[in-house]
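All residue numbers refer to positions in the sequence shown, counting from 1. All figures in this text were calculated on a predicted structure; none of them were measured in a lab.
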Amino acid sequence: MLRLIHTADWQLGKPYGRFDSEVRAALSEARFDAIDAIGKAAVEHGAAHVLVAGDVFDTEGPEDRVIVQAVSRMQRYACTWWLLPGNHDFARNSGLWDRVRAKGAANIRIVTEPVPCELDPGHWLLPAPLTHRHNFDDPTALFDTMETPGATLRIGLAHGSIRDFSSRGEAQNQIAPDRAQRSSLDYLALGDWHGALRVDARTWYSGTPETDRFQRDEPGYALLVTLEPGAEPVVSPIRTGRFQWLMRDWTIPDADGFVAECDRLLGPIEPSATLLQLSLAGIVSLSDRIAILGRLDNDLRHRLRHLAVAADDLVGRPSEQDLADLQVEGMIGTAAAKLMSMIEVGGNDGVTAKRALERLFVEYQRGKDAA
C-alpha cells in the first residue's frame, strides 16, 4: 500500500493586485501557510510523499523571499515533496528550478525531466513537466512508453486540461481524458483546474490548496490518496485553505429582508476569513436603501476580510412617508419634487436624479439626527 498527498496550483507569489495592501498581505501569507497544512496532513496520515502537480510558483521569476519561504516550510516536515513545473513556472535552463535546487533541501525533489522516478520499491512516479507555458502536444503521451521495471504501482503527475472541459480550464496543455487507462496508471495526479475534481476513478485534479478567485464557495483542499495494486484509489479531500471567496446575489424586498440575508450569510462562516462579492437587486423605499447601504459600509464591510458590492439594481423609490418628510422642509421639498419629475421622465437625467434624491434624503436625515 502507498499513501500520498496530491496537491497543485500553489502559485506562490501571486500578487492579488486588485486588493488593498492589507488584504494582499493576508492572501499571500495564506498560500505559504497552506504548505504547513499540507505537511501536517502528510505527517498525520502517514503519507511519505507529497506530489505537487505544477504551478508551485505564480511566475517563472519569483522573488528570493518567495523561494526561501517555500523551501523552508517544506523542510519542516518528514516527507518528500515532488515538485512538477507547470505552465506558470515551466522548466528552462538556468531558470527558477535551478534557484530552488540551490537551496539544497534534501526532502525536495524537482522533476524537470520526463523520466520515471521510483518513490519506493515498486512504486514509480511518471512525471510530465512543462517546458513552455503552452504545449501543442499532450504532455502525458510519453507515459505510454515509460519503462517502470518491477512496478506494482504506476503514478502519473501532470499539469494541463482534460479535453472534456478545456474551455473552462486555465491552460492550453491538453491531456487525453483516458490517459490513466491508456498508460496503465494506477493514479493520475493532475494540476491546472483550481477546484478538486474527479475525472474518473484513477484521475483527479486536487485543486488549489488556498482558493484564489470568486468561482466556488469552498476553501482549498489537498487530496489524501491511498493506493494498492489492482484496487481503485481511495481519495479523501483534506481542507488546507483558510479563506473562502463567496459570490452572492440577493433580491431585497426591504431593510428587514437585507438583515435576514446578512444573518444567514454570517451564521456558518468565519467573517475575517471571507471575501464576498455581493450583488443587490430589488425595489425598496428610499429610506430602506439608505439603511441597507449604511449597514454595508458600517458593519458588514468591517466584519469581512473583503467586500465588493454592486448595488445599482437596488432601486430606492421614495415612499409616501419619505416624500411627506421632505415636502415639509420648504426648499428641500421643492427640490425633491423637481427631482421626482425628472425620475419619472427617465433617461440619463433620471438616473442622475435618483442619485441626487438619495443624497438629498441622506442630508435631510443627518440634519434631523443632528437636531
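- Under the 4.0 Å criterion applied to side-chain N and carboxylate O atoms, Asp20 and Arg24 are not assigned as salt-bridge partners.
- The backbone N or O of Asn87 sits less than 3.5 Å from a side-chain atom of Asp55, completing a donor-acceptor pair.
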Practice task
Quick one: do Arg65 and Glu29 satisfy salt bridge (Lys or Arg N to Asp or Glu O under 4.0 Å)? Show the steps, please.
Solution key: CA-CA 12 Å; Arg65 178 188 179 276; Glu29 195 64 21; 3.6 Å; yes

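- Looking at Val68, Ile35, Ile38 one by one, the single match for side-chain contact (heavy atoms from CB on, under 4.5 Å) with Arg73 turns out to be Ile35.
- Contacts of Trp245 classified as ring pair (Phe, Tyr, Trp, His ring centres under 6.0 Å), with partners at least two apart in sequence or in another chain: Phe19, Phe214.
- To the nearest 0.5 Å, atoms CG (Leu278) and CG (Leu307) are separated by 6.5 Å.
- Of all non-hydrogen atoms in Ala176 and Asp138, the two that sit nearest each other are N-OD2, 3.0 Å.
- Using a cutoff of 4.0 Å between basic side-chain nitrogens and carboxylate oxygens, Asp36 and Arg76 are scored as salt-bridged.
- Side-chain atoms of Cys262 and Trp250, non-hydrogen and from C-beta on, do get closer than 4.5 Å to each other.
- A salt bridge does not link Arg31 with Asp58: every distance from a Lys NZ or Arg NE/NH1/NH2 to an Asp or Glu carboxylate oxygen is 4.0 Å or more.
- Taking the side chain as every heavy atom from C-beta outward, Phe258 and Val284 never approach each other to under 4.5 Å.
- In this structure, Thr211 has no side chain to side chain donor-acceptor pair (under 3.5 Å) partners at least two apart in sequence or on a different chain.
- At a threshold of 4.5 Å between non-hydrogen side-chain atoms, the residues Asp254 and Ile252 do not count as touching.
- Side chain of Glu210 to main chain of Phe243: a donor-acceptor pair is present (N/O by atom type, distance under 3.5 Å, no hydrogens or angles).
- In this structure, Asp89 contributes its side chain and Val56 its backbone to a donor-acceptor pair below 3.5 Å.
- If you run side-chain contact (heavy atoms from CB on, under 4.5 Å) between Leu2 and each of Asp186, Ile155, Thr226, only Ile155 comes through.
- A pairwise comparison of heavy atoms in Gly241 and Pro219 identifies O-CB, 4.1 Å as the closest pair.
- Here Ile5 contributes atom CD1 and Trp81 contributes atom CH2; the two are 8.5 Å apart, rounded to the nearest 0.5 Å.
- The side-chain heavy atoms of Ile238 and Tyr221, taken from C-beta on, include no pair separated by under 4.5 Å.
- Crowding of Glu218 atom CD: a count of heavy atoms from other residues, nucleotides or ligands under 6.0 Å not exceeding 12.
- Of all heavy-atom pairs between Ala8 and Ser206, the closest is N-OG, 3.2 Å.
- Considering only heavy atoms from C-beta on, Leu188 stays 4.5 Å or farther from Arg202 through its side chain.
- Placement of Leu280 and Val315 in two distinct hydrophobic clusters is found when ILVMFWY residues are connected by side-chain heavy-atom separations under 4.5 Å, directly or transitively.
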Exercise for the section: For the pair Leu125 and Arg154, evaluate side chain to side chain contact (heavy atoms under 4.5 Å, CB included) and give the outcome as yes or no after the intermediate values. Expected result: CA-CA 6 Å; Leu125 180 69; Arg154 284 167 54 93; over 6 Å; no

Problem - ring pair (Phe, Tyr, Trp, His ring centres under 6.0 Å) evaluation trace for His6 with Tyr205 - result: CA-CA 8 Å; His6 167 200; Tyr205 284 89; 8.1 Å; no

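- Every pair tested for ring-ring contact (aromatic ring centres under 6.0 Å, His included) that includes a residue from residues 268-292 fails, sequence neighbours excluded, so the list is empty.
- Within the 4.5 Å cutoff, the side chain of Ile162 has no heavy atoms near those of the Arg179 side chain.
- In this structure, CG in Asp313 is found 9.0 Å from OG1 in Thr251, a value given to the nearest 0.5 Å.
- Between Thr131 and Phe90, the shortest heavy-atom contact is O-CD1, 3.5 Å.
- A heavy-atom distance below 4.5 Å is not found between the side chains of Lys14 and His88.
- Ion pairing of Glu60 with Arg92 is present here, as a side-chain N (NZ or NE/NH1/NH2) and a carboxylate O approach within less than 4.0 Å.
- Closest of all the heavy-atom pairs between Pro209 and Ala34 is CB-CB, 4.0 Å.
- A donor-acceptor pair under 3.5 Å is absent between the side-chain atoms of Arg305 and the main chain of Pro271, judged by distance alone.
- Residues meeting the ring pair (Phe, Tyr, Trp, His ring centres under 6.0 Å) test with Phe57, sequence neighbours left out: Trp97.
- Of all heavy-atom pairs between Pro85 and Leu83, the closest is CD-O, 3.9 Å.
- Note that the CH2 atom of Trp124 and the CG atom of Leu126 stand 9.0 Å from one another [nearest 0.5 Å].
- Open room surrounds NE2 on His132; 12 or fewer heavy atoms of other groups in view lie less than 6.0 Å from it.
- Using a distance-only test at 3.5 Å, with no hydrogens or angles considered, a donor-acceptor pair links the side chain of Asp9 to the main chain of Asp192.
- For the pair Ser72 (side chain) and Gln69 (backbone), a donor-acceptor distance under 3.5 Å is present.
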Practice task
Using the side chain to side chain donor-acceptor pair (under 3.5 Å) rule, take Arg3 and His45 through it: C-alpha gap first, then chi angles, then the decisive distance, then the call.
Solution key: CA-CA 8 Å; Arg3 186 167 290 155; His45 295 282; over 6 Å; no

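- In this structure, Ser285 contributes its side chain and Asp288 its backbone to a donor-acceptor pair below 3.5 Å.
- Under the 4.5 Å side-chain criterion, counting only non-hydrogen atoms from C-beta, Trp10 is not in contact with Phe32.
- With hydrogens and angles left out, the side-chain atoms of His159 and Asn173 include no donor and acceptor closer than 3.5 Å.
- In this structure, OG1 on Thr203 lies 9.0 Å from CG on Asp178, to the nearest 0.5 angstrom.
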Please tabulate, for the side chains in residues 102-122, all donor-acceptor contacts under 3.5 angstrom to protein atoms that are two or more places apart in sequence or on a different chain.
residue, atom, partner, partner atom, Å
Asn107, ND2, Met74, O, 3.0
Asn107, ND2, Tyr77, O, 3.2
Asn107, ND2, Cys79, O, 3.2
Thr112, OG1, Arg101, NH2, 2.8
Glu118, OE2, Gly122, N, 2.8
Asp120, OD1, His49, NE2, 3.3
Asp120, OD2, His49, NE2, 3.3

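- In this view, Glu270 and Ser272 satisfy the side chain to side chain donor-acceptor pair (under 3.5 Å) rule, not counting sequence neighbours.
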Practice task
Decide yes or no on side chain to side chain contact (heavy atoms under 4.5 Å, CB included) for Arg248 and Ser279, but give the supporting numbers first.
Solution key: CA-CA 6 Å; Arg248 295 291 184 269; Ser279 295; over 6 Å; no

